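Since this is a predicted model, take the numbers as computed values, not measurements.
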Amino acid sequence: MEDIQTYELSPEPHINHSDTDPTFGYDYYSFDDYYHEHVYSIFDFEIVIYGYIWPVLVIITCLCNCLVIVGFLRKHMRTSANIILVFIAISDSLTGLVTLPATFYVYSREQMLLSKDWCNATMITRLYIARAFHTISVWITVLLGFQRFLHVRHPAVANRWCTIKKTIGIVAVMYVLSFLLHMYHAFDIKTSDGFCHWELKEPCGWGCAYIWASFILGHAIPCVALVAFSTLMLRSVSQEPGSISVDNNVRRRREQNRNMTIAILLIVVIFLIPELPYGLFYLLTMILKLSVQKILPLRTNRIIHATYELALVLSFHLNFWVYCVMIRSFRSGITTLLKMARCKEGTLSELERERTSSQNMSYELVVVSEREAEVFEM
């Protein structure tokens with residue numbers, strides 16, 4: 001979830017009623033003074049996207065992410081990599097969920113006049129809270145790629161540093177820093193001259209500082225890092241194993257290791273598909289704003305944002321299917337959980353035995369032990 005109305009310089013021109021209605025004693029009409037309501041500009045395509053498509057996609061994604069959380073938090077699945085996938089599912093879900101109350105109120109009801117409270121709630125949830133959760137998802141994905149890079153190239157270091165406890169600590173720091181990064185939107189005024197919007201004033205000062213910090217820390221650095229990690233992981237996957245005859249268990253573990261790398265690579269690529277184009281758009285908008293004091297028309301800006309946000313929530317949802325296809329133990333575990341939800345209590349133990357037996361052929365994301373790492377490096 002990103003800039004819903006990024007760099008909107010000013011609202012539509014003020015309506016001058018003094019020439020047509022003598023009851024207005026001011027040159028410019030203010031909704032603040034008369035009705036305490038503020039105009040929130042809504043385009044026709046936004047009613048369809050945010051009023052109907054967005055809530056459905058968010059709810060479906062959240063339901064799938066609930067399965068992800070339950071599946072990876074099972075006792076035998078608790079590894080540092082799987083804990084990261086759980087945190088990605090949580091932050092992705094919250095990115096969409098926090099916007100739903102305002103989305104239903106504004107877009108589903110086509111509510112263009114908002115009270116000051118509803119304006120602040122709408123703008124803060126979309127521009128601050130949702131954006132902070134998405135930034136968390138961005139950096140957790142970077143952490144996932146970095147950990148996998150260590151497992152592939154430096155397994156001994158990975159076994160020492162990529163533990164569950166340290167992973168949870170790093171994610172906790174990411175939560176704090178992400179909300180601090182976007183704190184600007186928690187206090188910036190969202191209502192002015194009868195309009196509900198975020199306006200960059202001249203000189204922009206802290207607004208421009210926040211915009212650059214958000215771009216560098218929320219887009220540029222993460223995308224560059226993930227492209228680098230993806231290249232290294234792709235190179236590792238493309239390398240053929242040696243021709244030396246190896247034990248079947250070693251061969252199977254090599255295959256598990258390869259599938260683990262492919263699964264994480266797919267997650268990173270899916271993440272980059274919406275983020276890279278939007279990052280370039282973000283940079284272009286800032287250059288136009290600072291160089292020629294011009295930006296794209298508001299409708300064009302909103303179309304690009306809506307497209308990006310739809311692609312974003314679809315990428316959240318696609319992660320679930322990557323896990324189902326690439327991680328056999330996750331797939332069998334989810335199947336077992338669904339069966340357990342429909343079965344009587346007396347059959348639970350039988351289903352649990354079925355789940356346990358499937359682990360021998362799993363492609364679960366496990367931390368490679370030092371002993372196995374030495375085999376992989378041979």
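How far CZ of R74 is from CG of L337: 6.0 Å, rounded to the nearest 0.5 Å. Rounded to the nearest 0.5 angstrom, F133 CZ and T125 OG1 are separated by 11.5 Å.
Nearest heavy-atom pair, V138 versus G218, reported as atom, atom and distance to 0.1 Å: CG1-O, 3.9 Å. Closest approach of I49 and P55 over heavy atoms only: O-CD, 4.3 Å. Here the closest non-hydrogen pair linking A130 and T99 is CB-CG2, 3.8 Å.
When the side-chain hydrogen bond (donor to acceptor under 3.5 Å, both in side chains) test is applied to S315, no partner is found at least two apart in sequence or on another chain. Take V58 and apply the side-chain contact (heavy atoms from CB on, under 4.5 Å) test, not counting sequence neighbours, and it matches W54, C62, L97, L100, V313. Annotation: side-chain hydrogen bond (donor to acceptor under 3.5 Å, both in side chains) contacts of W206 (sequence neighbours excluded): none. Here R78 pairs with nothing under the side-chain hydrogen bond (donor to acceptor under 3.5 Å, both in side chains) rule; sequence neighbours left out.
Membership of an apolar cluster is not assigned to V224, as no side-chain contact below 4.5 Å to another ILVMFWY residue is traced.
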### Query
Which is it for H182 and I129 under the side-chain contact (heavy atoms from CB on, under 4.5 Å) test, yes or no, and what are the steps along the way?
CA-CA 8 Å; H182 299 288; I129 302 176; over 6 Å; no
#### Entry: CA sep, side-chain torsions, deciding dist, call: L143, I170, side-chain contact (heavy atoms from CB on, under 4.5 Å)
CA-CA 9 Å; L143 177 62; I170 293 173; 4.0 Å; yes
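Note: Y52 and Y107 fail the aromatic proximity criterion, with ring centroids not under 6.0 Å apart. Ring centroids of F281 and Y278 are separated by less than 6.0 Å, placing the two rings close together.
Counted by atom type alone, E309 and Y50 present one or more donor-acceptor pairs between their side chains at under 3.5 Å.
The list of side-chain hydrogen bond (donor to acceptor under 3.5 Å, both in side chains) pairs with a residue in residues 84-93, not counting sequence neighbours, reads N65-S93, S91-S137, D92-S137.
Within the cation-pi definition used here (under 6.0 Å to the ring centroid, within 45° of the axis), R302 qualifies as a partner of Y40.
Below 30°, between 30° and 60°, or above 60°: for F316 and H134 the angle between ring planes is between 30° and 60°, a tilted geometry.
Atom CZ of F146 has 12 or fewer neighbouring heavy atoms from other residues, nucleotides or ligands inside a 6.0 Å radius.
When each of Y210, W212, Y128 is paired with Y184, the ring pair (Phe, Tyr, Trp, His ring centres under 6.0 Å) condition holds for Y210 and for no other.
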